[in-house]
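A short worksheet on the structure shown next.
We're numbering straight along the sequence, starting at 1.
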Amino acid sequence: MTHFVRKQKIKTRKNVLASRKKLFLRIFLIFAGFSVLFFIVKFSYVFAKNSFKNNPFFAIKSIAISELKYTQNPEFQQYLNFKIGDNIFNFDDKREEKFLLKKIKSLESVDIKKIYPSRVKIKTKERTPAFYFETKGQIFLIDKFGIIFKNISSQDLIKIDTNLLSNKKIFYETVEFSKKLKISYPDLFTKIREVRFNDKKNLAIFLKNDKIIAWGKLKNEDFETKLHFLRLIEADLSNKKQDFKEIDFSFCNKNFDYVIVR
């Protein structure tokens with residue numbers, strides 16, 4: 001009986017080993033089959049791509065670029081690593097997108113699409129400038145994140161003092177201030193020519209008609225109150241048919257008792 005049991009165990013063990021061998025063999029054959037298929041596909045792709053690269057049928061016939069407002073077209077095209085007549089397979093679209101974003105600061109995003117066999121479509125999204133500043137006779141635009149890019153005109157933007165660029169906190173506060181002012185008092189916003197800060201970090205608003213509004217500190221809790229008083233003062237002066245050169249909130253207290261009108 002003991003001999004019979006021993007024989008059964010040996011037989012069972014042999015069957016298990018045989019099953020494992022078959023399983024390993026199947027896995028190996030499947031892996032080998034996929035490997036061969038992968039190399040065949042890759043070789044075919046490389047062969048076809050190399051064949052296409054030398055085929056005039058895939059020469060680029062048109063490059064369509066979406067409308068650019070703040071980026072000069074010649075500047076954009078000088079950074080393209082492909083041109084009309086080049087083979088459409090000879091450049092990497094993703095690498096080209098990264099290169100353009102690195103070189104042209106006015107671009108927020110770029111999407112290059114190859115439309116086979118011979119067309120390229122480039123869709124761009126430009127940064128939206130918040131202000132502009134001038135230095136050494138050149139105009140630079142700056143977006144809400146503080147990204148600076150060169151331009152040929154101010155695009156009817158508000159001018160800021162270059163000293164403002166060195167203080168990121170005040171710059172971001174100024175961006176938020178201008179956004180709120182544009183929503184709450186659009187008539188005033190369109191009249192602004194320039195904003196400056198003095199040594200005490202008080203904001204001064206220079207209007208296009210050479211009038212000045214000395215806003216004072218940029219405090220969120222004071223914004224609506226100052227705007228309310230500003231409207232009241234302008235309405236009162238209009239009713240009296242009087243004009244002003246400057247409205248100064250710099251010295252007023254919490255009750256706005258000392259607003260100076262000159």
Non-hydrogen side-chain atoms of [X] and [Y] separated by less than 4.5 Å:
| X | Y | value |
| --- | --- | --- |
| Ile63 | Ile122 | yes |
| Phe189 | Ser178 | yes |
| Thr124 | Thr71 | no |
| Val175 | Phe145 | no |
| Asp161 | Phe197 | no |
| Tyr132 | Phe140 | no |

Any salt bridge linking [X] with [Y]? Criterion: basic side-chain nitrogen under 4.0 Å from a carboxylate oxygen.
| X | Y | answer |
| --- | --- | --- |
| Lys191 | Asp187 | no |
| Asp243 | Lys211 | yes |
| Lys69 | Glu126 | no |
| Lys121 | Asp111 | no |
| Lys179 | Glu176 | yes |

Q) If only atom types and distance count, is the side chain of Glu96 paired as donor or acceptor with the main-chain N or O of Asn81 below 3.5 Å? A)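 Present.
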Q: Return yes if some donor-acceptor pair links the side-chain N/O of Asp92 with the main-chain N/O of Arg95 below 3.5 Å, else return no.
A: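 Answer holds: yes.
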State plainly whether one hydrophobic cluster holds both [X] and [Y], where clusters connect Ile, Leu, Val, Met, Phe, Trp and Tyr through side-chain heavy atoms under 4.5 angstrom apart.
| X | Y | value |
| --- | --- | --- |
| Phe76 | Ile84 | yes |
| Phe249 | Tyr185 | yes |
| Ile192 | Ile213 | yes |
| Phe229 | Val261 | yes |

Q: For the pair Phe177 and Phe223, name the ring-plane relationship: parallel under 30°, tilted 30 to 60°, perpendicular over 60°.
A: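 Judged by the thresholds at 30° and 60°, the geometry between Phe177 and Phe223 is perpendicular.
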Q) Please walk me through it: do Phe89 and Tyr116 pass ring-ring contact (aromatic ring centres under 6.0 Å, His included)? A) CA-CA 10 Å; Phe89 289 97; Tyr116 297 100; 5.3 Å; yes
Could you tell me if [X] sits above the aromatic ring of [Y], with its cationic atom closer than 6.0 Å to the ring centre and no more than 45 degrees from the axis?
| X | Y | result |
| --- | --- | --- |
| Arg196 | Phe206 | yes |
| Arg127 | Tyr70 | no |
| Lys114 | Phe91 | yes |
| Lys159 | Phe131 | no |

What heavy-atom pair brings [X] and [Y] nearest, and what distance separates the two atoms?
| X | Y | result |
| --- | --- | --- |
| Ile88 | Arg119 | CD1-O, 3.5 Å |
| Ile148 | Lys105 | O-CB, 3.7 Å |
| Ser184 | Glu224 | OG-OE2, 3.9 Å |
| Thr190 | Lys208 | O-NZ, 2.9 Å |
| Asn87 | Asn55 | ND2-O, 3.4 Å |
| Phe57 | Ser118 | O-CB, 4.3 Å |

Q: Check Thr225, Leu232, Leu230 against His228 for a side-chain contact (heavy atoms from CB on, under 4.5 Å) and give me the one that passes.
A: Leu232
